[in-house]
Amino acid sequence: MRPLPLLLLLLLLLFSGCDAAAPPADTLFQLPAPRNLKVHLYNAQQALSWEPVSLHNDTRPVVYQVQYKYSTSSTWYDVNKKDSRVDCTNLTGTECNFTANSLLEGFPRHFNISLRVRAKLGDLVSAWVKAPWFEHYRNATIGPPEDIWVTPEEGSLIIRFSSPFDVPASVAFFLYYVYYWEKAGIKQVTRPFRSNFITLNDLKPLRVYCFQVKAELFLAKENISRPGHLSNISCSETTVDASTKLQQVILISMGTFLLLSVVVGACLFLVLKYRGLVKYWFHSPPSIPSQIEEYLKDPAQPILDALDKDSSPKDDAWDSVSVVSFPENKQEDIRQSTLNQSTDPSHQPVEGGP
Ligand SMILES: *[C@@H]1O[C@H](CO)[C@@H](O)[C@H](O)[C@H]1NC(C)=O
Ligand SMILES: *[C@@H]1O[C@H](CO)[C@@H](O)[C@H](O)[C@H]1NC(C)=O
Ligand SMILES: *[C@@H]1O[C@H](CO)[C@@H](O)[C@H](O)[C@H]1NC(C)=O
Ligand SMILES: *[C@@H]1O[C@H](CO)[C@@H](O)[C@H](O)[C@H]1NC(C)=O
Ligand SMILES: *[C@@H]1O[C@H](CO)[C@@H](O)[C@H](O)[C@H]1NC(C)=O
Ligand SMILES: *[C@@H]1O[C@H](CO)[C@@H](O)[C@H](O)[C@H]1NC(C)=O
Ligand SMILES: *[C@@H]1O[C@H](CO)[C@@H](O)[C@H](O)[C@H]1NC(C)=O
């Protein structure tokens with residue numbers, strides 16, 4: 001009967017021992033650790049960022065502490081004014097910018113760097129969280145070349161730019177590529193070149209060409225390269241070269257001269273051919289020939305007819321029209337009136353008087 005309680009006691013001790021062993025890991029770090037660490041390496045910039053730690057039952061601000069270490073050493077160092085010229089020991093923000101101003105070089109770019117961060121609140125601290133190691137030249141994102149200038153020339157474009165960032169020639173160098181194409185044409189790429197300018201030759205004059213520039217970083221001593229991002233698309237129109245310009249000028253002059261000659265010749269010819277007519281036109285007074293005048297008067301009749309319709313009786317209208325329009329009728333009327341006069345009895349004494 002005795003061995004069973006002893007066994008139970010042993011088991012109890014074993015389990016309670018396990019329970020007792022767990023707490024220290026929790027109690028050591030009273031704060032949650034920062035999460036989602038990101039190493040930001042763009043051109044010459046170096047920064048570390050993370051997600052903020054939030055506490056529900058404390059209104060005091062959480063601060064963060066950043067440390068670094070080289071792969072060659074086993075000690076971690078604070079990122080402070082003394083070592084790094086930037087202080088990230090009591091940060092209230094969630095970013096440590098190692099190149100916060102242009103004077104700061106950041107960590108040596110060919111060193112293998114490790115970074116870690118923890119949260120602090122009064123005496124409480126979180127566990128350290130490590131970011132992946134990095135070597136700037138190995139890991140950095142290379143931006144496009146900057147300050148791109150293009151000079152259009154005779155059937156070519158000269159493209160100048162500055163490097164994405166400065167690198168010591170003994171350590172690393174950039175090679176550049178230019179992608180270019182005629183509007184709606186096929187993309188072409190130059191051979192890699194080291195200078196900060198290039199002339200795109202053998203382009204067609206007076207055409208719009210678009211291009212993008214890209215840098216690639218090469219390490220001098222190691223077989224490492226980092227391709228860069230393409231610049232925004234720029235477009236430029238090539239100018240016309242001198243000989244083509246001259247040709248155009250000659251062609252235009254000749255064309256103008258020929259056109260003028262034709263016009264002048266035609267005028268001369270016409271003047272010579274219709275010399276009589278021209279003379280007549282220039283010397284006769286400006287009057288309309290009688291036949292045309294008559295023709296012009298004839299179609300006017302219906303209009304006069306319509307005008308008179310409302311105001312006066314038809315017979316009168318016909319009379320008045322016939323009288324106004326036709327000189328022959330007038331003559332007839334006159335003749336008729338003289339006839340009437342002659343046959344009029346009232347006039348008879350006058351007629352046959354003397
Ligand atoms: C509240 O804060 C205290 C320390 O200030 C901490 O011990 C405790 O775990 C916190 N409670 C919660 C629910 O976060
Ligand atoms: C950089 O250091 C880490 C350890 O700190 C190591 O794992 C890694 O291989 C090193 N990288 C290089 C390129 O040496
Ligand atoms: C940062 O805060 C700690 C306490 O958490 C303090 O001892 C230290 O002096 C502070 N450092 C700076 C630079 O303010
Ligand atoms: C770091 O500071 C520099 C200089 O002010 C700025 O250009 C860069 O954007 C900053 N980097 C980050 C990740 O905020
Ligand atoms: C840097 O690049 C290496 C591989 O070349 C990779 O293992 C490492 O995680 C990178 N570091 C960062 C911070 O991205
Ligand atoms: C350099 O690396 C590339 C791949 O990144 C490889 O194809 C080439 O053979 C390497 N050259 C040398 C000299 O190691
Ligand atoms: C490139 O284009 C993007 C959007 O089109 C713009 O936000 C950016 O400022 C441009 N970059 C340069 C260097 O002009």
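As the structure lists them, so they are numbered: ligands from 1, and atoms in each ligand from 1.
- For Ser73 (side chain) and Thr75 (main-chain N/O), a donor-acceptor pair under 3.5 Å exists by modelled atom type.
- Minimum interatomic distance between Pro32 and Ala119 (heavy atoms only, all atoms of both residues): O-CB, 4.0 Å.
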Side-chain donor-acceptor pairs of residues 164-182 under 3.5 Å, sequence neighbours excluded:
from	atom 1	to	atom 2	distance (Å)
Tyr177	OH	Glu216	OE1	3.0
Glu182	OE1	Lys204	NZ	3.1
Glu182	OE2	Arg207	NH1	2.8

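- The disulfide bond (SG atoms under 2.5 Å apart) analysis of residues 121-195, with sequence neighbours excluded, yields no pairs.
- Interface atoms of ligand 4 facing His40, defined by a heavy-atom separation under 4.0 Å, are 13 (C).
- Short contacts between ligand 5 and Val39, defined as distances under 4.0 Å to a heavy atom of the residue, involve ligand atoms 13 (C).
- Between Tyr42 and His40, the ring-plane angle classifies as tilted under the 30° and 60° cut-offs.
- Remark: ligand 4 and Ala47 share no N or O pair separated by less than 3.5 Å (distance only, no angle test).
- Residue-ligand proximity, Thr99 to ligand 4, at heavy-atom distances under 4.0 Å covers atoms 2 (O), 3 (C), 4 (C).
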Below 3.5 Å, can you tabulate the donor-acceptor pairs from side chains in residues 44-51 to any protein atom, sequence neighbours excluded?
from	atom 1	to	atom 2	distance (Å)
Gln46	OE1	Phe107	N	2.6
Gln46	NE2	Phe107	O	3.2
Gln46	NE2	His136	ND1	3.1
Glu51	OE2	Asn36	ND2	2.9

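- The backbone N or O of Asn196 sits nowhere less than 3.5 Å from a side-chain atom of Arg160 that would complete a donor-acceptor pair.
- Protein residues with any heavy atom under 4.0 Å from ligand 2: Ser71, Asn112, Ser114, Trp133, Glu135, Arg138.
- Counting heavy atoms from C-beta on, the side chains of Pro152 and Tyr209 never come closer than 4.5 Å.
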